[in-house]
Amino acid sequence: MPTQHTAVGRRKKRDTKPPNVNDVRTFVQVERDEHGNYRLPVEIDSWTVLSLGQVVFDRPAFHNQRYIYPVGYKVKKWYRSMVDPRSDTQYTCEILDGGQEPIFRLEADDNPGEVYMGPTPTTVWTIAVRRAFAIRNMDYGHNPVGPDFFGLRKNTIAKMIQDLPNADKCKNYIWQTFKIGSTGRTSRGKIYRPEDVSSSEASGSNKRAPSA
């Protein structure tokens with residue numbers, strides 16, 4: 001049986017402050033299938049996106065002004081091991097349905113069965129980061145930015161989440177503007193440039209779709 005640790009915490013102010021509506025975020029294009037869905041899994045920097053999950057728009061805790069927390073969202077992230085000071089490992093980050101609010105779940109590949117769960121991404125990643133630093137005899141003087149470690153702040157992943165069905169129904173979420181970067185790699189490693197994609201895709205779903 002896995003050992004579960006429940007982390008207690010509160011939502012950090014920096015996790016919920018509204019984005020600057022004038023910001024334009026650049027993203028890397030991810031390949032889509034014939035139905036327009038993103039092809040998964042896909043590697044984006046240190047994250048591997050396994051599932052984008054489903055948007056829960058009718059329960060306020062599952063989004064805020066800056067982030068959407070889809071139930072079933074699942075990524076892997078490379079980071080320092082908590083058990084081996086000489087190596088890195090992948091951590092599986094998941095967002096689960098906790099009823100009235102999401103549950104954030106974290107488990108390391110090299111320490112299977114030891115699971116951390118908490119009310120925010122920061123609470124669970126704080127444990128992992130501090131343990132990883134401790135076995136290296138290093139001090140870590142501040143908490144990590146949990147949404148960053150979960151990939152939620154990564155522009156490309158943020159756009160993929162914003163493109164999910166029902167994202168436009170999250171009434172407190174501030175719709176964000178994205179544009180395609182100058183160059184990048186798709187999930188299959190192909191180099192692309194802005195002129196290789198349609199103008200509609202390059203616009204990055206900048207406008208909120210009307211609610212049904």
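- Using modelled atom types, one side-chain atom of Arg136 and one backbone atom of Asp84 make a donor-acceptor pair closer than 3.5 Å.
- Of all heavy-atom pairs spanning Phe178 and Asn155, the tightest one is CE2-O, 3.3 Å.
- Taking 4.5 Å as the limit, some side-chain heavy atom of Asp109 sits within range of a side-chain heavy atom of Lys76.
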Problem - side-chain contact (heavy atoms from CB on, under 4.5 Å) assessment of Asn172 paired with His63 - result: CA-CA 7 Å; Asn172 296 319; His63 72 275; 3.5 Å; yes
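- Taking hydrophobic clusters as Ile, Leu, Val, Met, Phe, Trp and Tyr residues chained together by side-chain heavy-atom distances below 4.5 Å, Leu152 shares a cluster with Leu40.
- Under a hydrophobic-cluster definition in which Ile, Leu, Val, Met, Phe, Trp and Tyr are linked whenever side-chain heavy atoms come within less than 4.5 Å, directly or via other members, Ile95 and Leu50 are assigned to different clusters.
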Exercise for the section: Determine, step by step, whether Asp168 and Tyr173 satisfy the side-chain contact (heavy atoms from CB on, under 4.5 Å) criterion, reporting the C-alpha distance in whole Å, the side-chain angles of both residues, the deciding distance to 0.1 Å, and the verdict. Expected result: CA-CA 8 Å; Asp168 57 291; Tyr173 176 73; over 6 Å; no
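- Between the CD1 atom in Ile174 and the CG atom in Asn64 there is a gap of 9.5 Å [rounded to 0.5 Å].
- Taking hydrophobic clusters as Ile, Leu, Val, Met, Phe, Trp and Tyr residues chained together by side-chain heavy-atom distances below 4.5 Å, Tyr79 shares a cluster with Ile127.
- Although no hydrogens or angles enter the test, the distance criterion places a donor-acceptor pair under 3.5 Å between the side chain of Gln176 and the main chain of Arg66.
- Within the model, atoms CZ of Phe149 and OG of Ser46 stand 9.0 Å from one another, a figure rounded to the nearest 0.5 Å.
- Rounded to the nearest 0.5 Å, atoms NZ (Lys77) and CD (Gln90) are 10.5 Å apart.
- Across Val30 and Ile44, no two heavy atoms sit closer than the pair CG2-CD1, 4.3 Å.
- Listed for the Glu107 side chain is no donor-acceptor partner under 3.5 Å among the backbone atoms of Cys93.
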Exercise for the section: Quick one: do Val115 and Arg105 satisfy side-chain contact (heavy atoms from CB on, under 4.5 Å)? Show the steps, please. Expected result: CA-CA 7 Å; Val115 176; Arg105 184 183 189 277; 3.2 Å; yes
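- Residues Arg25 and Thr177 form no side-chain contact, since every pair of their non-hydrogen atoms from C-beta on lies 4.5 Å or further apart.
- Between Tyr91 and the options Phe104, Tyr116, Trp125, Trp47, a ring pair (Phe, Tyr, Trp, His ring centres under 6.0 Å) holds for only Trp125.
- Counted by atom type alone, Asp163 and Tyr38 present one or more donor-acceptor pairs between their side chains at under 3.5 Å.
- Looking at Ile68 and Tyr73, their side chains never come closer than 4.5 Å, going by heavy atoms from C-beta outward.
- Looking only at distances, a side-chain donor or acceptor of Ser51 sits under 3.5 Å from a matching main-chain atom of Gly72.
- Residues Val56 and Trp175 do not share a hydrophobic cluster, clusters being chains of Ile/Leu/Val/Met/Phe/Trp/Tyr side chains in contact below 4.5 Å.
- Taking all atoms of both residues into account, the shortest heavy-atom contact from Val55 to Pro70 is N-CB, 4.3 Å.
- Gln54 CD: 12 or fewer foreign heavy atoms inside a 6.0 Å radius.
- Every residue was checked against the salt bridge (Lys or Arg N to Asp or Glu O under 4.0 Å) condition with Asp110, not counting sequence neighbours, and none meets it.
- Taking CD1 from Ile161 and NZ from Lys154, the interatomic distance works out to 13.5 Å, rounded to the nearest 0.5 Å.
- Judged purely by atom type and a 3.5 angstrom limit, Thr156 uses its side chain to pair as donor or acceptor with the backbone of Val28.
- Asn37 is not listed as a side-chain neighbour of Arg32, based on a closest heavy-atom distance of 4.5 Å or more.
- Side-chain atoms of Thr122 come within 3.5 Å of backbone atoms of Gly146 as a donor-acceptor pair (strictly under, hydrogens ignored).
- Here the closest non-hydrogen pair linking Tyr69 and Ala61 is CD1-O, 3.7 Å.
- Counting non-hydrogen atoms of other residues, nucleotides and ligands closer than 6.0 Å to CG of Asp33 gives a total above 12.
- Heavy-atom minimum distance, Ser81 versus Ile135: O-CD1, 3.5 Å.
- Contact detail for Leu106 and Ala128: the closest heavy-atom pair is CD2-CB, 3.8 Å.
- Ion pairing between a basic and an acidic side chain is recognised when a charged N comes within 4.0 Å of a carboxylate O; Glu114 and Arg131 show such pairing.
- Side-chain contact between Phe27 and Ile180 is present, with at least one heavy-atom pair separated by less than 4.5 Å.
- Here the CD atom belonging to Glu94 is positioned 8.5 Å from the CZ atom belonging to Phe150, to the nearest 0.5 angstrom.
- A distance-only check finds no donor-acceptor pair linking the side chain of Asp148 to the backbone of Arg153 [under 3.5 Å].
- Taken to the nearest 0.5 Å, the CZ atom of Arg59 stands 11.5 Å off from the SG atom of Cys170.
- Between Thr123 and Pro121 there is no side-chain heavy-atom pair separated by less than 4.5 Å.
- No continuous path of ILVMFWY side-chain contacts below 4.5 Å connects Trp78 to Val129, so the two sit in separate hydrophobic clusters.
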